[in-house]
S.K.: 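I have a structure here, written as structure tokens, and I will follow up with some questions on it.
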Amino acid sequence: MEGIEHRMIKVNGINIHVAEKGEGPVILFLHGFPELWYSWRHQILALSSMGYRAVAPDLRGYGDSDAPESVESYTCFHIIGDLVELIDVLDPDVGKVFVVGHDWGAYMAWLLCLFRPDKVKALVNLSVPFIRFDREINPVDVWKAVYGDDYYISRFQEYGEIEGEFAEVGVERVVKEYLCDFPVLLPKGKLFKRPLDEQITLPSWLSEEEANYYVTVFQKTGFTCPINYYRNLGRNWELLGPWVGSKIKTPAKFIVGDKDLAYGMPGMKEYIHNGRFKEDVPSLEQVVVMKGVSHFINMKNRKRLAATYMISFANSIEKINKNLVKVL
């Protein structure tokens with residue numbers, strides 16, 4: 001895509017594939033599920049033209065990056081280990097970059113700021129806010145209690161089970177269902193609301209060619225390794241015990257769509273807007289709620305994303321950077 005370069009980088013014992021373009025301060029883009037570096041294609045082009053070096057990896061287990069077989073290889077410690085070494089390669093002089101994350105990428109970006117704040121200049125996260133840890137409550141148990149056994153996170157826990165059901169309906173159907181609607185309930189025997197013989201109409205922001213890129217990649221890699229991130233939610237909860245009560249002190253901005261499934265979770269709006277989010281992220285500069293926008297906020301309405309929205313990204317990051325300079 002218009003001069004985007006690709007290469008493999010050895011980090012943390014595995015090979016990570018990155019797509020990059022531009023020169024200048026590094027902005028590291030982190031994708032979610034079921035996504036790839038490709039989800040940031042519009043941002044890479046827009047921000048590289050504004051004097052930034054835009055870099056988007058396939059996270060471990062995704063796309064052309066290595067995919068370790070064991071479930072235990074996808075804890076937050078493994079992912080953050082990848083990112084820390086990747087940042088050192090991308091910015092060997094300072095070892096510190098701007099970060100933008102979405103979905104799982106946002107979750108890992110918050111933890112990157114928690115574990116290694118020295119590696120992040122400023123953060124813009126989409127969809128998933130930082131959530132304080134509670135040693136008494138396993139999040140997997142909470143979601144199951146609230147949403148039931150059919151909730152997608154509950155269904156993802158048993159190794160191989162959901163992969164077998166996805167195989168029955170086909171990769172193309174699974175990818176398009178998720179990119180269009182992100183189904184949160186996956187009943188056994190009837191995974192999706194639409195009948196399988198009903199054709200899916202893609203949203204205006206996703207062309208057939210773009211959707212087929214995801215389909216082709218996931219046909220090659222499968223879904224097991226990306227789903228392993230979900231299978232480590234309980235393990236992450238245990239590992240994060242020492243950080244209970246810790247705060248994110250990195251300058252940050254948070255953007256979410258008012259139709260996002262994460263924004264609609266019980267108690268989420270109250271947490272974000274009633275002061276607790278700001279308590280946990282004291283340097284949170286702004287929360288933006290985009291009207292009529294759903295989960296894939298980084299891909300929806302490409303014209304807006306490639307212009308006004310991306311300029312907003314750049315301006316917010318520049319503002320944070322200038323404030324940092326003043327403070328330092």
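Keep in mind that what you see is a predicted model, and the values were worked out from it rather than measured.
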S.K.: Before giving the answer on side-chain contact (heavy atoms from CB on, under 4.5 Å), spell out for L59 and D82 the whole-Å C-alpha distance, their side-chain angles and the decisive distance to 0.1 Å.
M.R.: CA-CA 8 Å; L59 297 179; D82 297 345; over 6 Å; no
S.K.: Do S154 side-chain atoms and D150 backbone N/O form a donor-acceptor pair below 3.5 Å?
M.R.: no
S.K.: Could you check whether any side-chain heavy atom of K96 comes within less than 4.5 Å of a side-chain heavy atom of K121, counting everything from C-beta outward?
M.R.: yes
S.K.: Please tell me if the side chains of W37 and I44 come closer than 4.5 Å, counting only heavy atoms from C-beta onward.
M.R.: yes
S.K.: Only one of E161, E163, E72 forms a salt bridge (Lys or Arg N to Asp or Glu O under 4.0 Å) with R231, so which one is it?
M.R.: E163
S.K.: Tell me whether D149 at atom CG has more than 12 heavy atoms from other residues, nucleotides or ligands lying less than 6.0 Å away.
M.R.: no
S.K.: Which pair of heavy atoms, one from G63 and one from D58, lies closest together, and at what distance?
M.R.: CA-OD2, 3.6 Å
S.K.: What distance do Y74 atom OH and I227 atom CD1 have between them, rounded to the nearest 0.5 Å?
M.R.: 12.0 Å
S.K.: Please say whether more than 12 non-hydrogen atoms of neighbouring residues, nucleotides or ligands are located less than 6.0 Å from NZ in K247.
M.R.: yes
S.K.: Do NZ/NE/NH1/NH2 and the carboxylate oxygens of K220 and D64 come within less than 4.0 Å?
M.R.: yes
S.K.: What distance separates E238 CD from R135 CZ, expressed to the nearest 0.5 Å?
M.R.: 7.0 Å
S.K.: Within a radius of less than 6.0 Å around NZ of K249, do more than 12 heavy atoms belonging to other residues, nucleotides or ligands occur?
M.R.: no
S.K.: For E198, does the CD atom sit with more than 12 other heavy atoms under 6.0 Å from it, leaving out its own atoms?
M.R.: yes
S.K.: Suppose we call two aromatic rings close when their centres sit under 6.0 Å apart. Are Y230 and F33 close by that rule?
M.R.: yes
S.K.: Apply side-chain contact (heavy atoms from CB on, under 4.5 Å) to residues D88 and K119 and explain how you reach the verdict.
M.R.: CA-CA 8 Å; D88 288 340; K119 294 298 179 184; 2.5 Å; yes
S.K.: With a 4.5 Å limit on heavy-atom distance, are the side chains of R155 and L191 in contact?
M.R.: yes
S.K.: Is R41 positioned over the aromatic face of Y38, cation under 6.0 angstrom from the ring centre and no more than 45 degrees off axis?
M.R.: yes
S.K.: Mind checking what makes salt bridge (Lys or Arg N to Asp or Glu O under 4.0 Å) contact with E270, not counting sequence neighbours?
M.R.: none
S.K.: Just to verify, what does E208 make a salt bridge (Lys or Arg N to Asp or Glu O under 4.0 Å) with, not counting sequence neighbours?
M.R.: K176
S.K.: Report yes or no: do S127 and D260 form a side-chain donor-acceptor pair below 3.5 Å?
M.R.: yes
S.K.: With side-chain contact (heavy atoms from CB on, under 4.5 Å) as the criterion, how do F115 and V84 come out once you've worked through the C-alpha distance, each side chain's angles and the decisive distance to 0.1 Å?
M.R.: CA-CA 10 Å; F115 299 158; V84 168; over 6 Å; no
S.K.: Decide whether L239 and M108 are clustered together by the hydrophobic rule: side chain heavy atoms of Ile, Leu, Val, Met, Phe, Trp, Tyr closer than 4.5 Å, transitively.
M.R.: yes
S.K.: Could you walk me through whether H31 and F296 pass the ring-ring contact (aromatic ring centres under 6.0 Å, His included) test, one step at a time?
M.R.: CA-CA 10 Å; H31 68 78; F296 293 103; over 10 Å; no
S.K.: Indicate yes or no: at least one non-hydrogen side-chain atom of F98 is less than 4.5 angstrom from one of P25.
M.R.: yes
S.K.: Check this for me, if you would: do K193 and D181 make a salt bridge, where the nitrogen-to-carboxylate-oxygen distance has to be below 4.0 angstrom?
M.R.: no
S.K.: Answer yes or no: is there a side-chain heavy-atom contact under 4.5 Å between I131 and W110?
M.R.: no
S.K.: Using modelled atom types only, decide if a donor and an acceptor are shared between the side chain of N236 and the backbone of C76 within a distance under 3.5 Å.
M.R.: yes
S.K.: Measuring from atom CE of M268 to atom CZ of F277, what distance do you get when rounded to the nearest 0.5 angstrom?
M.R.: 9.0 Å
S.K.: Side chains of P57 and L28, heavy atoms from C-beta outward: is any pair under 4.5 Å?
M.R.: yes
S.K.: Which residues satisfy the salt bridge (Lys or Arg N to Asp or Glu O under 4.0 Å) test with D134, sequence neighbours excluded?
M.R.: none
S.K.: Do I27 and Q43 make a side-chain contact, defined as non-hydrogen atoms from C-beta onward lying under 4.5 Å apart?
M.R.: no
S.K.: Okay, side chain of K144, backbone of G148: is any donor-acceptor separation there less than 3.5 Å?
M.R.: no
S.K.: Centroid separation under 6.0 Å, is that true for the rings of Y229 and Y107?
M.R.: no
S.K.: List for me each residue that meets ring-ring contact (aromatic ring centres under 6.0 Å, His included) alongside F223, sequence neighbours excluded, and say none if there are none.
M.R.: F166, F218
S.K.: Roughly how far, to the nearest 0.5 Å, is NE2 of H17 from OH of Y62?
M.R.: 15.5 Å
S.K.: Output the distance between atom CG (L185) and atom OH (Y147), rounded to the nearest 0.5 Å.
M.R.: 9.0 Å
S.K.: For the residue pair F77 and W243, does the interplanar ring angle fall in the parallel (under 30°), tilted (30 to 60°) or perpendicular (over 60°) class?
M.R.: perpendicular
S.K.: Can you list the other members of the hydrophobic cluster that holds Y159, where links are side-chain heavy atoms under 4.5 angstrom apart?
M.R.: V71
S.K.: Assigning hydrophobic clusters by single linkage (Ile, Leu, Val, Met, Phe, Trp, Tyr; side-chain heavy-atom cutoff under 4.5 Å), is L83 placed with V94?
M.R.: no
S.K.: Kindly give the heavy-atom pair with the smallest separation between L179 and P34, and that separation in Å.
M.R.: CD2-O, 4.2 Å
S.K.: Would you say that Y152 contacts I162 through its side chain, given a criterion of any heavy-atom pair below 4.5 Å between the two side chains?
M.R.: no
S.K.: Given 3.5 Å as the limit, does a donor-acceptor pair link the side chain of K291 with the main chain of V293, or not?
M.R.: no
S.K.: When you measure from the side chain of S283 to the backbone N and O of T250, does any donor-acceptor pair fall under 3.5 Å?
M.R.: no
S.K.: Test salt bridge (Lys or Arg N to Asp or Glu O under 4.0 Å) on E177 and R194; report intermediate values, then the result.
M.R.: CA-CA 9 Å; E177 287 281 1; R194 299 181 186 86; 2.6 Å; yes
S.K.: Between H102 (side chain) and H295 (backbone), is there a donor-acceptor pair under 3.5 Å?
M.R.: yes
S.K.: Mind checking the CG-CG spacing from L86 to D91? Nearest 0.5 Å is all I need.
M.R.: 11.0 Å
S.K.: When you measure from the side chain of Q219 to the backbone of V171, do you find a donor-acceptor pair of N or O atoms at a distance under 3.5 Å?
M.R.: no
S.K.: Donor-acceptor pair, N15 side chain versus M8 backbone, under 3.5 Å?
M.R.: no
S.K.: Checking I87 against L112 for the side-chain contact (heavy atoms from CB on, under 4.5 Å) test, could you report, in this order, the C-alpha distance in whole Å, the side-chain angles of both residues, the deciding distance, and whether it holds?
M.R.: CA-CA 11 Å; I87 290 169; L112 174 63; 3.9 Å; yes
S.K.: I'd like to check the side chain to side chain contact (heavy atoms under 4.5 Å, CB included) partners of P139; sequence neighbours left out, ordered by chain and number.
M.R.: W143, W237
S.K.: So, for L90 and V55, which heavy atoms are closest and what is the spacing to 0.1 Å?
M.R.: CD1-CG1, 3.9 Å
S.K.: Is a donor on one side and an acceptor on the other found under 3.5 Å between the side chain of Q157 and the backbone of I153?
M.R.: yes
S.K.: Specify the closest pair of heavy atoms between E85 and N12, including all atoms of both residues, with the distance to one decimal.
M.R.: OE1-N, 2.7 Å
S.K.: Between the side chain of Y151 and the main-chain N/O of A145, is any donor-acceptor distance below 3.5 Å?
M.R.: no
